[in-house]
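Worksheet: one structure, shown below.
Sequence positions, counted from 1, serve as the residue numbers for this chain.
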Amino acid sequence: MAVTSQPDFWQCPRCKTPNPWATYLTVCVGCGEPKPPEAGRAAFVPQPKPVPKAKRSSRGVAVATWGYAAVVLVALGLIKTLGDRWWPATVLMFAPRWIFLFPIPPLILWAGLRRRWRLLLADGAVLAVVLGPLMGLCLPVRSLIAGSPEGLKIRVLSLNRGSGQLASKELVRMIGDEKIDVVCFQEARPDPVLDAYFARAGWTRNAGGSIFSHLPVIKDYGLSDLPYEAPDVWDVKLTRVSVRLDDGREAMVACVHMPTMTYGFARLFRRDFAGMRRYIDWRWKQTDSVLRILGETATLPTVVAGDFNMPPDSPMMHKLRASFPSGFEEVGWGYGYTRPSRASWIGIDRILASKGSRFSRCRVGPRVGSDHRPILAEVILRPPSGLPDPPPIEPTTSAATPTPVKSPVPSAVQAAEKSKAPTPRRVVCLGDSITDEFAYPEFAWKALDAAGMSGWTFLNAGVGGDSAETMRARLDRDVLSLRPEVVTISAGVNDALKSAPPQVFEVAVVAIVDRLKAEGISVVLLPPTPLGKAHEEANQRISRFADLVREIAARRGLSLADVHRAMLRENPDGADPLLGADGIHPNKEGHRVMARTLVEALGARDVAIPDDLAIEPVPGLIREWRMVAVRDPATASSRIDPGVAHGKTISLPESNPQSSWQREWDRRRGYALSLKASVPPHGPYQGSATITVDREKTVVFRTGGMVDAIWLNGEMIHRNAVWTGWHPGNQRITARLHAGENAVVIAVHDGFLLGVTDE
């Protein structure tokens, strides 16, 4: 057979049958059509045989299956390695993971129809990866093998209470049924049912109302002072208490609320990618700050509970878990999703414990009205790994336990019974704006001094706008830190104006009283002052609150300075003549009536109250400032304005007398009251001054009004994030001056005061 170098086949034009170019073949083998001439050979090159559709579909399902498997593995790798580091991976990390399940059923159906059994195995593996590590499934089989650890167990519950209507009764029932020892709340706010429950004997709360403990509280560390470097970010909230375990050991409980990513994603929606990166960097700094603060008490066994605002596979969470293993990842079963409650897809609430501790149980509780679900854990706290167990000590009654104890210091009434003149004492006045004005305490102070009863000290702990509950929250920071012997409590006016329920007011006042008595401090209660006729509805609530204060004083055996009745006795038709123009705050004469009632409650009879006070500048007043209106208000409290050194010079005290007695007192003390008029345009403002000393020494900066930030020699030494009142000394900042000139820069609003004194 001759073989030609030309194409081997020709295609029949009639039946399309391919025929070889063989010499023996003269017609089409299919239909007998004559063979075409040799010259037309190239025109009849046969086309490739088409691939069947079934075969193409089989290849497609293979490509889709293996391609989707690669997508899932890449997503998992990005989350594990670049989440919290690269913003696209961060978005992926916070996205709902269950969306990765949607392509898998069609792929399984497709592979089954094409009879690609091996691809079904691949789809099953992808499904296992999505349901397992990608969605955060926990299957702690090791805990089943190891069994329940032995030791002293404490039970902890953590819940972000959110902004919704809390199912308080269900939560209380859960706390009781689970025999919870410590409760950690985030975004806590007044709740009559919860407040009444925790007011029962045996529960102690910290000053911020975020931690409640059945175990005796040894020390309340308060709200940790974390660096707040940027004005457009949300900082972490970290509170801590040390508690006494049943075996006598000391342990640490920390409640943490990490910054939410909501503000970061808001930047992303505005296409502010640089802002998103800055916000992620900020969250890393806050994570490092939490670890640093927790490291200050690293020798104590520690439990850390709260809303971390990050999923468990977040690199930030891995950094925390390196020092504090997570209970749910150790012994929890399932996904541990805590938010949102109605469509759970992410677990951002966790309970951690120091290394060396063991979890015997950890689970997510049912919905209780919040947009978070509670998380509960049972843990055996031990010192961190590598540290020996401290020797047990005999359990003692906590100084913070709200159980009445015999006071080592005689009460003001007892002192009065022993002598006509009361023993000099250190008095802290807790209250709202009426106390913040510091008129009635100062009248009382000067009256005692003029009567020859020197040695008394009155300190102001009033904050304008405070209710009884907010006073309770700042008790440690503003009262106990001053080491008082006597505390006066004046609350109720703002509660009445805001229509607070009487039981909420009563629970808060009782909690304050019991805490002070447990510390061995004498208490003098002041019922709320009456309001003017323009506030008749609120005045009815004031009367109810005044009756409650009298009842509390009688039940607890406390001194009572009944300023409510005293002001009404002065004018039976109503208290308006003793009130200012707003019908709420007492005028000067009203404060004198309050002072007379207070000194009598302190045991001093027939003491004359002065008609006026000779107000002097506060000690160490900085009198010369260069003030400037800040060009960029967003950075007024975070960065020194370049023009501050060349601002307008102002001298304190201001020279122009004020029209009202209260503002005149402020002027004499040295407040800057006229910045809006003298340093236009409107603030915020920054001011610079120089302090010269002959030697290096430690001093205390004492502020008044709203001083947002203080820099000393270029270094920020104070950043104020909360309102602490108007009065002098509302903030006390310890700093070190070097010999010679020291540059001070402050960020303020209109109305500030700053004095610098030795320790």
Pro484 side chain near Val479 side chain, heavy-atom distance below 4.5 Å = yes
ask   = Ignoring hydrogens and geometry, is there a side-chain-to-backbone donor-acceptor pair from Lys355 to Ala322 under 3.5 Å?
value = yes
key: Residues Met716, Ile640; criterion side-chain contact (heavy atoms from CB on, under 4.5 Å); working and verdict   = CA-CA 10 Å; Met716 181 179 285; Ile640 297 177; over 6 Å; no
Identified ring-ring contact (aromatic ring centres under 6.0 Å, His included) partner of Phe273 from the options Trp87, Tyr279, Phe265 = Trp87
inquiry  = Looking at Asn206 and Ile211, would you say the former's side chain and the latter's main chain have a donor-acceptor pair under 3.5 Å?
reply    = yes
ask   = Within the distance-only criterion (no hydrogens, no angle test), does the side chain of Ser357 pair as donor or acceptor with the backbone N or O of Ser354 below 3.5 angstrom?
value = yes
task = Keeping the roles fixed (side chain from Gln286, backbone from Val236), state whether a donor-acceptor pair exists under 3.5 Å.
result = yes
request  = Could you pull out all residues at least two apart from Glu329 that satisfy side-chain hydrogen bond (donor to acceptor under 3.5 Å, both in side chains)?
outcome  = Ser326, Arg350
ask   = Within the side chain of Arg719, is there an N or O that forms a donor-acceptor pair under 3.5 Å with the backbone of Ala709?
value = no
request  = Kindly say whether Ala461 contributes a backbone atom to a donor-acceptor pair with the side chain of Arg474 at under 3.5 angstrom?
outcome  = yes
ask   = Any idea which heavy atoms bring Cys184 and Cys255 closest together, and the distance?
value = CB-SG, 3.7 Å
request  = Could you grab the distance from atom CD1 of Ile154 to atom CD1 of Ile380, nearest 0.5 Å is fine?
outcome  = 10.5 Å
task = Can you see which heavy atom on Leu300 is nearest to which on Met252, and at what distance?
result = CD1-CE, 3.8 Å
query = Would a distance-only check, ignoring hydrogens and angles, find a side-chain to backbone donor-acceptor pair under 3.5 Å from Arg271 to Arg267?
reply = no
message = Closer than 4.0 angstrom, basic N to acidic O: yes or no for Arg321 and Glu330?
response = no
remark   = Result for side-chain contact (heavy atoms from CB on, under 4.5 Å) between Gln186 and one of Ser158, Ser370, Ser210 points to Ser158
message = Please check this pair: side chain of Tyr68 against backbone of Phe100, looking for a donor-acceptor N/O pair closer than 3.5 Å.
response = yes
task = Apply salt bridge (Lys or Arg N to Asp or Glu O under 4.0 Å) to the pair Asp307 and Arg339, showing each step before the final yes or no.
result = CA-CA 10 Å; Asp307 177 3; Arg339 187 185 189 277; over 6 Å; no
query = Arg155 and Glu378: salt bridge (Lys or Arg N to Asp or Glu O under 4.0 Å), yes or no, with the steps?
reply = CA-CA 4 Å; Arg155 296 185 176 186; Glu378 187 177 69; 2.8 Å; yes
request  = Could you tell me whether Arg732 atom CZ has more than 12 heavy atoms of other residues or ligands within 6.0 Å of it?
outcome  = yes
query = salt bridge (Lys or Arg N to Asp or Glu O under 4.0 Å) between Lys153 and Asp181: does it pass, once the steps are laid out?
reply = CA-CA 10 Å; Lys153 299 174 182 177; Asp181 299 299; over 6 Å; no
message = Would Arg363 and Glu178 count as a salt bridge (Lys or Arg N to Asp or Glu O under 4.0 Å) here? Give the steps.
response = CA-CA 12 Å; Arg363 70 180 183 89; Glu178 296 288 338; 2.6 Å; yes
message = Keeping Arg85 on the side-chain end and Thr81 on the backbone end, is there a donor-acceptor pair under 3.5 Å?
response = yes
task = Kindly indicate whether the side chain of Trp203, heavy atoms from C-beta on, has any atom under 4.5 Å from the side chain of Ile175.
result = yes
task = Identify the residue among Leu352, Thr287, Asn309 that makes a side-chain contact (heavy atoms from CB on, under 4.5 Å) with Met317.
result = Leu352
query = Do Leu131 and Leu101 come within less than 4.5 Å of each other through their side chains, counting heavy atoms only?
reply = yes
ask   = Excluding sequence neighbours, so at least two apart, what forms salt bridge (Lys or Arg N to Asp or Glu O under 4.0 Å) with Glu469?
value = Arg205, Arg472
message = Is it the case that the side chain of Thr338 and the backbone of Gly347 share a donor-acceptor pair, with hydrogens and angles ignored and the cut-off at 3.5 Å?
response = no
